[in-house]
Each structure stands twice: as structure tokens, then as C-alpha cells.
Amino acid sequence: MRSKGSSGLKAVVIAAAVVVAVFTGGIVFYLSGTGCVDATDKNDITVEIPQGSGASSIVAILDEAGLVKNSFCAKISARIGGYDTLQANTYVFNKSMSLREMMKAINTGDFDYLSKESFEMKEGYRLQQNAGLLAEAIPFSRKEILSCWSDKAYLKELIDSYWFLTDDILDKDVMYPLEGYLFPDTYFITEENPTIESVTEMMLDNTDRVLSERKSQIEASGYTVHEFLSLASIVCKEGGSNESEAPHIAGVFINRLNKNMSLGSDVTVCYIYQEDRVDLKQSQLASDSPYNTRKFAGLTPGPICSVPVIDMDAVLNYEKTDDLFFYAGPDGTVYYAETQAGHDKNIQEHPWTEEDLN
């Protein structure tokens with residue numbers, strides 16, 4: 001005959017086992033329900049998370065997109081997940097991802113899962129050229145982009161927002177106010193409906209980073225940021241692919257500026273006509289545009305192209321030299337001279353032929 005105590009113990013054990021089984025089953029059910037919908041389906045699914053969305057509403061968005069395996073489990077996860085920094089944006093997920101992976105990506109704004117359209121602002125390109133590249137990535141024409149970049153009201157807002165932008169860009173002689181200020185780089189657009197303004201400010205934020213790193217050096221150079229970028233842009237266009245020559249070319253230009261000589265740079269004349277060519281016409285060289293450094297001493301009214309870091313640093317760390325002239329031969333070699341006679345000799349010894357120009 002069994003005692004009541006032993007029967008009671010057995011009942012407790014059974015009850016405990018049932019609780020453990022139910023608990024374990026609940027955990028298994030929850031983990032399965034918050035797992036992936038289909039481990040083999042890696043096709044991209046784009047979802048937009050609006051500003052101010054909470055965890056529950058985000059789960060509903062994911063569920064509607066077919067990314068939630070069990071909505072009941074997903075709702076529980078939304079309540080207990082501790083998602084308190086959810087980032088509004090457009091994300092790209094797939095059905096092989098668990099709910100936890102997707103919510104973590106949204107909670108951190110994980111760049112790897114953001115919807116991205118890339119475009120490149122190319123080094124040494126004029127603003128008009130780069131506007132054309134941008135027009136391929138956003139739903140605005142080159143004309144609309146350039147119009148925005150010339151709008152005085154908008155430019156004044158930018159001047160108020162960025163330390164390196166000043167009223168210099170509004171000078172009547174400046175052809176394109178933001179020329180030289182949009183840092184050349186590859187950019188990723190993560191907005192569902194990007195505007196010209198939002199993309200412009202993304203680029204200016206990058207310029208801010210690059211110039212802030214060099215702010216003390218620019219101040220020590222004696223040039224304003226506008227003058228600095230103008231000089232660096234001329235160095236960029238003159239040096240072309242000869243990056244190693246940039247510090248020497250910068251040194252020649254700084255010597256000429258210090259002696260109040262004209263820079264004598266053909267690339268500044270090319271800018272007037274928005275073209276790149278070696279065989280400039282005499283009528284072009286005689287232009288009265290203030291960008292014509294063949295005719296006028298000093299710097300151009302503003303930069304003439306997008307300026308890469310290498311040319312910024314070439315100006316800040318220019319090569320000390322006595323040279324006042326340089327000449328790029330048809331094979332790309334750059335020849336330097338201290339005198340006009342030496343410069344003329346370099347031109348005579350390494351002439352450009354019709355074949356070289358074609």
C-alpha cells in the first residue's frame with residue numbers, strides 16, 4: 001500500500017514535467033514562429049519603414065510583405081524585443097531572414113540592408129558633367145539639378161549650414177556656385193524618394209568631413225577655403241593623371257601667385273567654354289572672362305572642377321621650387337623651367353603634333 005506522500009510527490013513530478021513540456025514547447029513554437037519564412041528564398045523584398053514607426057507597426061509591415069512566419073509570435077517579439085532605436089528608412093530583406101535579423105537591422109539602421117542607388121561624382125569633372133551623372137541616379141534632369149544648384153535662396157540656406165560655404169560662391173563672376181564644393185566620391189542614396197536638396201547635402205556633409213580634417217592647414221596657408229579650392233582645382237586639371245606631379249605643379253603656381261604673375265593656365269580658359277582641349281583658339285585665349293588666367297593675374301573667381309584629396313594635399317604640402325613654368329609634353333611627361341627661355345626650349349624640344357591632338 002502506497003503512502004499519500006508518495007502519491008503527492010508523483011503528482012508534483014508529473015505537473016512539473018507538464019509545465020516543462022509546455023514551456024519547452026512554447027519556446028520551440030516561439031522560435032519557429034519568429035524564424036525565417038523560407039530558408040531557400042533569397043529574393044529581395046523592399047520594405048519602407050516610415051518615420052515614427054513602432055515595433056508593432058513594423059512587424060505589421062513585414063507581415064504584409066510576406067516576411068513573417070507567424071504573426072502571433074512576431075507580435076510577442078515586438079513587445080519583448082527591446083527595440084527602442086528603430087530607424088526609418090527603406091530596407092531590402094528576403095524570406096531566408098529571421099524576424100530577429102530584420103528587426104535588429106531596423107533597430108540599428110544597418111547599412112548593409114538599406115536600399116541603395118549609387119552614383120559617382122568624378123574627380124576633375126566640371127559641375128555640369130557631374131550633374132549629368134547625378135541625373136542618372138535620381139528622378140530629376142540635369143537642367144533641374146543645375147537650376148537648384150544656382151538658386152540663391154537655397155544657396156544662402158547652405159551658407160548658413162556649412163562653415164566652409166561663404167558669400168564668395170554668390171559672386172557675380174562665379175559661373176557655378178557649388179563648383180568644387182561637392183566632394184568627388186561614390187555615394188549611396190538610401191531614400192525612397194530622394195530630392196536634389198537631400199542628395200546635395202549628403203555630398204556637402206562629405207566635403208565638410210574632408211575640409212574639417214584640413215581646416216587648420218588651410219588657415220595656415222593664408223588662403224580662404226574658396227581660394228584654396230580654386231587653386232587645388234586648377235592643379236587637379238593641369239596635373240591630370242600625373243598625380244605625383246601635383247605638389248610640384250602647385251609649387252609653380254604658388255610662386256607665380258606670390259610674384260603677382262598670371263597663372264597662364266590653359267585649363268582655366270577651357271573652363272570658360274566648358275570643354276577640355278589642348279589646341280585652344282586664339283580667340284578663346286583672348287577671352288575677357290575673369291577665369292582667363294592667361295590674361296589676368298590671380299586666381300579664378302571660383303573652382304573649376306571637383307577636387308580630390310590628392311590635389312588638396314598637394315596645395316597644402318606643395319613642393320618648394322624656383323620653377324615658374326611647366327609644360328606637359330604629348331607623352332604626359334611634365335617639364336619644368338625657372339625662366340621663359342627654359343620654358344620655350346621645353347616646348348620646342350617636345351612639341352605636340354597634329355597626330356597627338358587627334
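All residue numbers refer to positions in the sequence shown, counting from 1.
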So for atom NZ, which belongs to Lys295, do other residues, nucleotides or ligands contribute more than 12 heavy atoms lying within a distance under 6.0 Å?
yes

For a quick check under 3.5 Å, do Glu275 and Gln284 share a side-chain donor-acceptor pair by atom type?
yes

Is the distance between the ring centroids of Phe326 and Phe253 under 6.0 Å?
yes

Please enumerate all residues that pass side chain to side chain contact (heavy atoms under 4.5 Å, CB included) together with Asp323, with sequence neighbours excluded.
His248, Val252, Thr321, Tyr336, Glu338

Using the rule that two of Ile, Leu, Val, Met, Phe, Trp, Tyr join whenever any of their side-chain heavy atoms come within less than 4.5 Å, decide whether Leu257 and Ile304 are in one cluster.
yes

Quick check against the 3.5 Å criterion: does Arg100 have a side-chain atom that pairs as donor or acceptor with the backbone of Thr34?
no

Can a donor-acceptor pair be found between the side chains of Trp163 and Asp208 at a distance below 3.5 Å?
yes

Do Asn107 and Thr85 pair up side chain to side chain, a donor and an acceptor below 3.5 Å, judged on atom types alone?
yes

Could you tell me whether the side chain of Cys305 reaches within less than 4.5 Å of the side chain of Tyr125, counting heavy atoms only?
no

Does Asp167 pair with Lys156 as a salt bridge, N-O distance under 4.0 Å?
no

For Gln340, enumerate each residue passing the side-chain hydrogen bond (donor to acceptor under 3.5 Å, both in side chains) test, keeping only those at least two apart in sequence or located in another chain.
Asp344

Could you check whether any side-chain heavy atom of Gln274 comes within less than 4.5 Å of a side-chain heavy atom of Met175, counting everything from C-beta outward?
yes

Could you verify whether a donor N or O on one side chain and an acceptor N or O on the other, from Ser265 and Glu238, lie under 3.5 Å apart?
yes

Consider only side-chain N and O atoms of Glu101 and Tyr113, and report whether a donor and an acceptor are under 3.5 Å apart.
no

Who are the side chain to side chain contact (heavy atoms under 4.5 Å, CB included) partners of Glu227, not counting sequence neighbours?
Tyr223, Thr224, Leu299

If you count every heavy atom of other residues, nucleotides or ligands that lies below 6.0 Å from Arg277 atom CZ, does the total exceed 12?
yes

Main-chain N/O of Pro194 paired to Ser198 side chain as donor or acceptor, under 3.5 Å:
no

Min side-chain heavy-atom separation Thr300-Tyr271 under 4.5 Å
no

What about Tyr187 and Phe119, are their ring centers closer than 6.0 Å?
yes

Cluster question for you: counting only ILVMFWY and a side-chain heavy-atom cut-off of under 4.5 Å, with indirect links fine, are Val92 and Met103 together?
no

According to a 4.5 Å side-chain heavy-atom criterion applied to Ile, Leu, Val, Met, Phe, Trp and Tyr, with indirect links allowed, do Ile138 and Phe188 form part of one hydrophobic cluster?
no

In this structure, OG of Ser233 is separated from CD of Glu123 (nearest 0.5 Å) by 13.5 Å

Go through it in stages, so that I can follow the logic: the residues are Lys237 and Asp276, the test is salt bridge (charged side-chain N to carboxylate O under 4.0 Å, His left out), and I'd like the CA-CA distance, side-chain angles, deciding distance and then a yes or no.
CA-CA 9 Å; Lys237 292 297 281 186; Asp276 296 300; 3.0 Å; yes

Any donor-acceptor pair under 3.5 Å linking the side-chain atoms of Asp110 with those of Thr108?
no

How are the rings of Tyr162 and Phe164 set relative to one another: parallel (under 30°), tilted (30 to 60°) or perpendicular (over 60°)?
tilted

Examine Val278 and Tyr273 and state if one hydrophobic cluster contains both, with Ile, Leu, Val, Met, Phe, Trp and Tyr joined whenever side-chain heavy atoms are less than 4.5 Å apart.
no

Donor-acceptor pair, side chain of Glu179 and main chain of Leu127, under 3.5 angstrom:
yes

Closest non-hydrogen atom pair, Val307 against Ala232
CG1-CB, 3.6 Å

So which of Val267, Asp311, Ile249 actually passes side-chain contact (heavy atoms from CB on, under 4.5 Å) with Ile234?
Val267

Within 45 degrees of the ring normal and closer than 6.0 Å to the centroid, is that where the cationic atom of Lys320 sits relative to Tyr318?
yes

Under a 3.5 Å cutoff, is there a donor and acceptor pairing between the side chains of Asp185 and Asn206?
yes

Check: Ser230 side chain, His226 main-chain N or O, donor-acceptor pair, under 3.5 Å
yes

List in chain and number order the residues that pass side chain to side chain contact (heavy atoms under 4.5 Å, CB included) with Met261, two or more places apart in sequence or in another chain; answer none if no residue qualifies.
Arg256, Lys259, Leu324

Is it possible for you to say whether Phe183 and Leu158 belong to one hydrophobic cluster, with membership spreading through side-chain heavy-atom contacts below 4.5 Å?
yes

Is the closest side-chain donor-acceptor distance between Tyr335 and His350 under 3.5 Å?
yes

Using atom types as modelled and distance alone, determine if a side-chain donor or acceptor of Asn292 lies under 3.5 Å from a backbone N or O of Thr268.
no

pair Tyr327-Val334: side-chain heavy atoms closer than 4.5 Å:
no

Please find the pair of heavy atoms, one from Pro301 and one from Val174, that lie closest to each other, and give the distance.
O-CG2, 3.5 Å

Contacts of type ring-ring contact (aromatic ring centres under 6.0 Å, His included), residue Tyr176, not counting sequence neighbours
none

Enumerate, atom names and distances included, each donor-acceptor pair closer than 3.5 Å involving a side-chain atom of residues 60-81, sequence neighbours excluded.
unit_1, atom_1, unit_2, atom_2, d
Lys69, NZ, Ser32, OG, 3.3
Asn70, OD1, Phe72, N, 3.0
Asn70, OD1, Cys73, N, 2.9

